[in-house]
Amino acid sequence: MPNVVVVGTQWGDEGKGKIVDLLTEQAAMVVRYQGGNNAGHTLVVGGEKFIFHLIPSGILHPGTQCLIGNGVVLDPEVLLTELDNLKGRGIVVGPDNLRISERTQVIMPYHKRLDLARERAKGEAKIGTTGRGIGPCYEDKIARRGIRVADLLNPEVFKANLADVLPEKNFYLEKFLDDVPFTPEEILTPYLEMGKRLAPLVTNVSVRLAEAVRQGKNILFEGAQGTHLDIDHGTYPYVTSSNPVAGGACTGAGIGPTQLHHVLGIVKAYTTRVGAGPFPTECLDAVGDHLVECGVEFGSTTGRRRRCGWLDTVVLQDSARLNGLTGLAITKLDVLTGINPVKICVAYDVGGVRNETIPATIQELSLCRPIFEEMPGWTDDIRRVRRIQDLPAATQNYLKRVEDLVGVPIQIVSVGPDREETMVVQNPFG
């Protein structure tokens with residue numbers, strides 16, 4: 001049976017959570033493979049709203065096992081809060097439907113304090129991080145001084161590891177960032193207690209995936225953020241600290257590339273971005289305000305207003321290449337209703353020269369001016385439409401043009417936030 005990777009093709013917030021929730025009906029396992037609680041997936045099921053930051057979006061489906069892979073950085077306090085919130089809403093989560101890789105890195109209190117202090121120190125030059133400690137945790141992972149979930153389960157190992165790293169963190173916090181240091185005791189006790197609560201969920205995720213593959217089960221992999229926030233391929237340095245691209249599913253979950261069969265790219269019908277960084281098609285006008293208001297474009301993690309603009313197919317073409325996309329899922333198509341004309345960026349103008357790829361530096365990207373194609377808009381309410389052929393002709397033309405420009409077939413179209421407000425043209429699980 002096929003295994004599917006779901007990736008964001010823009011700067012995150014494309015609506016991956018809803019698509020993952022939709023596809024989970026056909027998956028035995030849903031795996032989160034990178035990122036941390038700097039991401040948020042918002043789902044609306046039967047009119048009820050759910051926001052997840054760490055737990056895979058498939059948790060609302062009985063019988064599906066959700067896995068948090070080793071590529072994730074885990075804030076145990078946030079995860080336990082999510083578990084408690086679900087329990088309060090009558091959804092029981094335990095070893096039968098949620099497992100965590102023993103190799104997952106743990107976000108520590110000093111990571112969060114460092115994150116916030118660095119942003120303050122940068123002032124106007126700040127990156128725009130969420131302050132959740134994601135970057136500093138990944139730094140420690142690469143520097144081989146991180147603390148993993150397995151360490152939380154062994155008090156002596158955890159105590160020794162903390163004793164090794166804390167003096168350096170305190171020195172940096174106190175002497176360089178003029179912030180407050182930590183005592184070992186204020187970290188040890190609460191983290192060991194959280195480790196005890198998490199212990200029943202800890203496992204070797206890679207082994208479980210291999211067994212599921214042998215049994216021919218469908219596996220769904222979900223990334224956080226989007227392709228152009230990728231640490232290697234995004235608009236550096238305004239990026240996240242991990243690899244949201246499809247290849248990140250291999251390293252972040254512990255599965256070989258030959259076991260990934262389809263890559264579904266999630267595309268918002270327009271473009272949004274949170275925080276700083278270049279954004280060629282940004283609309284600082286009434287169109288931008290319309291997209292914010294009608295699209296409810298506020299971050300599910302930070303609550304920040306998202307920057308909004310026209311769809312950028314230069315960005316999408318890069319994503320198609322970097323991820324090896326086999327299909328597209330268009331979300332929030334209904335938000336474009338009432339805008340006329342509708343614009344699509346098909347290339348950039350750089351000093352009179354046409355450019356159809358994204359430059360490597362933000363200095364070059366800041367010089368890019370979008371080259372737009374204009375298409376007629378539509379005014380019909382499309383949220384009740386359930387077949388592509390029943391959409392207004394202008395809407396169908398818009399979708400066809402996106403498909404042609406990107407060179408990847410559209411498989412799913414979403415016309416509203418609810419699970420039911422979706423059209424499946426071609427099932428990625430086949």
Quick check: do Leu83 and Ile55 have side-chain heavy atoms less than 4.5 Å from each other?
yes
Can you check whether Gln225 reaches Trp11 side chain to side chain, under 4.5 Å on heavy atoms?
no
Residue pair Ser414 / Lys18: nearest heavy atoms and the distance that separates them:
OG-NZ, 2.7 Å
Answer yes or no: are there more than 12 heavy-atom neighbours, outside Asp178 itself, under 6.0 Å from its atom CG?
no
Residue pair Gly309 / Tyr270: nearest heavy atoms and the distance that separates them
O-CB, 3.3 Å
Within the supplied structure, the quantity of interest is the number of heavy atoms (other residues, nucleotides, ligands) at a distance under 6.0 Å from Glu77 CD; does it exceed 12?
no
Would you confirm whether Asp312, through its side chain, and Val315, through its main-chain N or O, come within 3.5 Å as a donor-acceptor pair?
yes
Among all residues two or more places apart in sequence or in another chain, which pass the side-chain hydrogen bond (donor to acceptor under 3.5 Å, both in side chains) test with Glu193?
Lys196
Decide yes or no for Arg99 and Arg208: does some side-chain heavy atom of the first lie under 4.5 Å from some side-chain heavy atom of the second?
yes
So, using salt bridge (Lys or Arg N to Asp or Glu O under 4.0 Å) as the criterion, who are the partners of Asp179 when residues are at least two apart?
Arg120
Measure the CG-CE distance between Leu399 and Met423 for me, rounded to the nearest 0.5 Å.
8.0 Å
Are side-chain heavy atoms of Asp75 and Lys112 found at a separation under 4.5 Å?
yes
Who pairs with Asp84 by salt bridge (Lys or Arg N to Asp or Glu O under 4.0 Å), at least two apart in sequence or on another chain?
Arg197
Please name all residues satisfying side-chain hydrogen bond (donor to acceptor under 3.5 Å, both in side chains) with Asp289, sequence neighbours left out, ordered by chain then number.
Arg305
side-chain hydrogen bond (donor to acceptor under 3.5 Å, both in side chains) assessment of Thr271 paired with Arg306:
CA-CA 10 Å; Thr271 308; Arg306 296 182 184 128; over 6 Å; no
Calculate, to the nearest 0.5 Å, the distance between atoms CG and CD belonging to Asp230 and Gln34 respectively.
8.0 Å
For a quick test of your reading: what N or O donor-acceptor pairs under 3.5 Å do the side chains of residues 102-110 make, sequence neighbours left out?
unit_1: Thr104; atom_1: OG1; unit_2: Gly69; atom_2: O; d: 3.0
unit_1: Thr104; atom_1: OG1; unit_2: Ser101; atom_2: O; d: 3.1

Kindly indicate, with the supporting measurements, whether the criterion side chain to side chain contact (heavy atoms under 4.5 Å, CB included) is fulfilled by Asp21 and Ile19.
CA-CA 5 Å; Asp21 173 67; Ile19 303 302; over 6 Å; no
Sequence neighbours excluded, the answer for side-chain hydrogen bond (donor to acceptor under 3.5 Å, both in side chains) partners of Asp349 is none
Taking all heavy atoms of Lys169 and all of Leu114, pick out the closest pair and write down the distance.
CD-CD1, 4.0 Å
